[in-house]
Amino acid sequence: MAATAGVTRYTAQEMMIVAAARRLRDGERVFVGIGLPNLACNLAKRLHAPGIQMIYEAGVVGARPLRLPLSIGDPTLVTGAQSVCSMFDVFAFYLQRGLVDVGFLGAAQVDRFGNLNSTVIGPYDRPKVRMGGSGGACDIACLARRVFVLMPHQIRRFPERVDFVTSPGYPGGREGRRALGLPDGGPDTVITNLGVLGFDEGGEMVLTSVHPGVSPEDVQANTGWPLKVAPALEVTPEPTDEELRLIREELDPRGLYLRRME
Amino acid sequence: MAATAGVTRYTAQEMMIVAAARRLRDGERVFVGIGLPNLACNLAKRLHAPGIQMIYEAGVVGARPLRLPLSIGDPTLVTGAQSVCSMFDVFAFYLQRGLVDVGFLGAAQVDRFGNLNSTVIGPYDRPKVRMGGSGGACDIACLARRVFVLMPHQIRRFPERVDFVTSPGYPGGREGRRALGLPDGGPDTVITNLGVLGFDEGGEMVLTSVHPGVSPEDVQANTGWPLKVAPALEVTPEPTDEELRLIREELDPRGLYLRRME
Amino acid sequence: MSSSKLMSMADAVRSFVRDGDVVYLAGFTHLIPFAAGHEIIRQGRRELTLCRATPDLVYDQMIAAGCARKVVFSWAGNPGVGLLRAFRREVEAGRLEVEEYTHFGMVARLTAAAMGLPFFPLRTNQGSDLPAVNPNLRTVSCPYTGQPLSAVPALPVDVAVVHVQRADPTGNAQVWGIIGEQREAAFSARRVIVSAEEIVDPEVIRADPNRTLIPDFMVHAVVHEPWAAHPSYVQGYYDRDNDFYLAWDDVSRDPAQTRAWLDEWVYGVTGRNEYVSKLGGERLESLRPEPLESPPVNYGIYR
Amino acid sequence: MSSSKLMSMADAVRSFVRDGDVVYLAGFTHLIPFAAGHEIIRQGRRELTLCRATPDLVYDQMIAAGCARKVVFSWAGNPGVGLLRAFRREVEAGRLEVEEYTHFGMVARLTAAAMGLPFFPLRTNQGSDLPAVNPNLRTVSCPYTGQPLSAVPALPVDVAVVHVQRADPTGNAQVWGIIGEQREAAFSARRVIVSAEEIVDPEVIRADPNRTLIPDFMVHAVVHEPWAAHPSYVQGYYDRDNDFYLAWDDVSRDPAQTRAWLDEWVYGVTGRNEYVSKLGGERLESLRPEPLESPPVNYGIYR
């Protein structure tokens, strides 16, 4: 995917990684999958947040992989790690215990209140498309203190109401979420190829920054409801040369997760 | 303690060990403490039940101790064992899962319906004697398939109603036990220095055998309620020479658990 | 004390896997018991309820072979690659029943069964549409705080298969690396088949009892089956065969091709030995990692 | 990445144990953190709620020293010897509050807190008089079967102390032998002090990640404290000092003698170093087991 709006110094994926990395704080415990979230965490670790602890769904903490993991349970994550626990334990003792500061999620759809769908397109009983299902996504959405969502920004992926709520955002607003008995938390930031979005007091999505060369109208055109825009809308700061160098030369030199620029 | 009723070939403790050992079946999983139950299990293993699996409360399975354990968590139980798990796991995955065929218990008091007291003598808030409390006893009483109780037979230890039910037997009879939501199980046998007692359909204690030289009247005199006696009351078969030799020469040669005969 | 439970995979499946069983082949990305899955296909088991957090290729293959009536799962994909195409085809055609949970819910169901509890309380699922499509997801009120919690029911399994690095002949099994839901699966089951890369002397097990994940009394059959987890991996023994995962994405696109693959690699071989020979030494050797041994710990001798 | 948390036991207790705290000194017969207990006595902490499945001598000593307001426990005895006399004296005099559970209930309380659940359901306690004297024991109805189950509330701990065989400077801790409730205690707590027989290079921990019971991010202080568990034992390092357990039975019979013992062995020394010197090399050496090392496992290098 070439970067949107004619920018050619970096790709949209690189912009997304950088925007996510900058939002991670030093010392935070992050529940990660492979792919973009992995790169975002590692980028933050190399720069402003060396004390980030990455916790993998497979039960691995403090991994020191010699290669980019091919799957969430890659053996390179285990060798040289600080600790390994069972799958039940990683969900119960780490995630449900409230030890996870940030969880990363992707999805096929996200809606106005941050609900995510990774289960079916169309009706559940007769799906048009059957996807993988929750995996740990709903658990992370319920239990991480802040959830970062990384997704391509397309109108079919940003409907007003998702076809199926796999992972709750703020159903019924922030109050509604609390009434369900969920701990404080929920989606914090949605990062797309067009911009960065947060959530307001009512739990509704708000555009807070657009990537360089993208207009709020571009974002609205790719969003399935009248999107709120923050009064102080910003332009996402571009990736720095150092960020791009780290991503390209050190974190994913073989382009395993990232499509290379032509 | 010298054996009752003038028998001098063996002690009352030896009779109790032998009576317990004979009731263990090959292949059974037994939840054991140290002391007499330990000796009973090991005696059965040497004779008719080589496949008995001993599970220690401390989480040890398949121990091969080089000495008699001094406490339930003795390190000699760990070295050379087949597996070690946490305390929670031994109660949840083994005991509550229904994998324990026989649990051994002792107590300060046992009553007509097999309820056991190891908590207080006198009122709970102002105890005359404060004892250790349940430990795993109530858990074993609730969850083992059959419970064997080993106790000295004295009238203050066999009241009609225990001062405090630490570990349930058949409160309200066998039906009452079921109504509490407990799995099938409960006290199977009480083995004392005077005889062996079982439980009838109603969950009430019944004298099934008296040790050699003991009369049913002796037993009644040491029991705090009118004790039922089985129609076919037996005399407990004496320990064999081989049983005594194993106990004295191989299982407890230094008399760590057993008082030696003069 | 206990006697050997060593037998062939064919005998283990013949003796312990029955038509209509609730089956759990354990292993989160690691130690996936493909050899057992293939033997179940060969022996033509039908109407199975296939349970796994991550069905992975092994269930895609069993579904394609017609073994499954229903799949109980939490994430159905080809890990790191994409979709499970046979699974998806059958679901979209309405020919395969599904019952789905979150990962946490799925392993909590096993854990409840493994602990002898009828249910497990969790702080997930609320606000999701999963409870609306799965009546097995209920709520329970905390008897202390009154707060609503989600509940999942125990998942009592008829037969679990667990692949491990090493086991002794009676079934004491040791596992390292990602331990997934191996232990919970074994304890949730009425019958347990353990397959192992190596069968070791009981003294090897006893020399490190804290490493034992499953004690022998849970185990009904022990199968010595090297490479049983291929194309998944075994920590310290071999790597994931990623080419296979990628190739399956193509093979499984088309039912006829899928069938041809099963004919060649499952029905066309008598067992894992022949499968391994057919794969060839060169391919397998390329999957071997350089060795890296753990340091010892001292247990001490107490007499 | 994380920085060293190494400090003296005096600093650890000064920084992380406060008057009125709910305290859990972990370890089932094994690895009992006596060094921490003695330091808490020396620093004169008061009004503590002392929680332990098995209070053992360490709590008997802390009770005798006046640290405790309340004891939460499941079995109060001198293991293999008899009673806890200071504990019993205070309870019988009505000067010490007690709250008691079964072993399973006690560790389930920790487990609930460690898992972020407000309660844990169990199939024990029913039919016992424990619920009649402990309003914290309630019931919960299974949302599937309707059957009544017992419930225990989570036990959120202010500060847990866990003694381990080895830890690295940031607090990754490895334990073998009886693992009791060490992990659950650490995860139930807001603050965690780890004391260790040996402080090792992080690479030793990383060479066997499956052995790590507590990850460093749970840990607030790491104390290098050899012999910290004496008179209890450390698997592979030293045996239980049974003579001490027997002697305590006499010492604790009489409040004046007990006080004299505390004056000599706790108040009279500056810390564990001095306590160890005072015990003397000969006595300690007699507790050392012959070494017996575990065999390695292969993790493999995956690049």
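Naming: A, B, ... by sequence-line order, numbering from 1 per chain. Everything numeric in this text was worked out from a predicted model, so none of it was measured.
Within the 4.5 angstrom heavy-atom criterion, only side-chain atoms of Val61(B), from C-beta onward, approach chain C. Contact of Asp26(B) with chain C is not made at all, since no heavy-atom distance falls under 4.5 Å. For Ala114(C), the parts sitting under 4.5 Å from any heavy atom of chain B are the backbone and the side chain alike. Contacts of Leu70(B) with chain C are absent, with no heavy-atom separation under 4.5 Å from either backbone or side chain.
Salt-bridge annotation for Asp101(B) and Arg25(B): absent, with no side-chain N of the basic residue lying under 4.0 Å from a carboxylate O of the acidic one. A salt bridge between Arg178(B) and Asp184(B) is present, with a side-chain N of the basic residue lying under 4.0 Å from a carboxylate O of the acidic one. A salt bridge is defined here as a Lys NZ or Arg NE, NH1 or NH2 lying under 4.0 Å from an Asp or Glu carboxylate O, and Glu28(B) with Arg145(B) fails to meet this definition. With respect to the salt-bridge test (charged N to carboxylate O, under 4.0 angstrom), the residues Arg64(B) and Glu203(C) qualify.
Side-chain contact check for Leu213(C) versus Val164(C): every heavy-atom pair is 4.5 Å or farther apart. Two residues are said to be in side-chain contact when any heavy atoms from C-beta on lie closer than 4.5 Å; Val219(C) and Ile214(C) meet this criterion.
When the candidates Thr111(C), Asn210(C), Ile205(C) are compared by the number of heavy-atom contacts under 4.5 Å with chain B, Asn210(C) comes out ahead. The residue among Val60(B), Leu143(B), Leu99(B) with the most heavy atom pairs within less than 4.5 Å of chain C is Leu99(B). Of the listed residues (Met218(C), Gln174(C), Arg211(C)), the one with the most heavy-atom contacts under 4.5 Å to chain B is Met218(C). If you tally non-hydrogen atom pairs under 4.5 Å between each of Leu117(C), Asp168(C), Asp208(C) and chain B, the highest count goes to Leu117(C).
Of residues 185-193 of chain C, those residues with a non-hydrogen atom less than 4.5 Å from any non-hydrogen atom of chain B are, in numerical order, Phe187(C), Ser188(C), Ala189(C).
Here the shortest heavy-atom pairing between Phe28(C) and Ile178(C) reads O-CG2, 3.7 Å. Looking at every heavy atom in both residues, Met54(B) comes nearest to Lys45(B) through SD-CD, 4.0 Å.
For Arg138(C), the CZ atom sits in a packed shell: over 12 heavy atoms of surrounding residues, nucleotides or ligands are nearer than 6.0 Å.
A donor-acceptor contact under 3.5 angstrom links the side chains of Glu197(C) and His163(C), judged on distance only.
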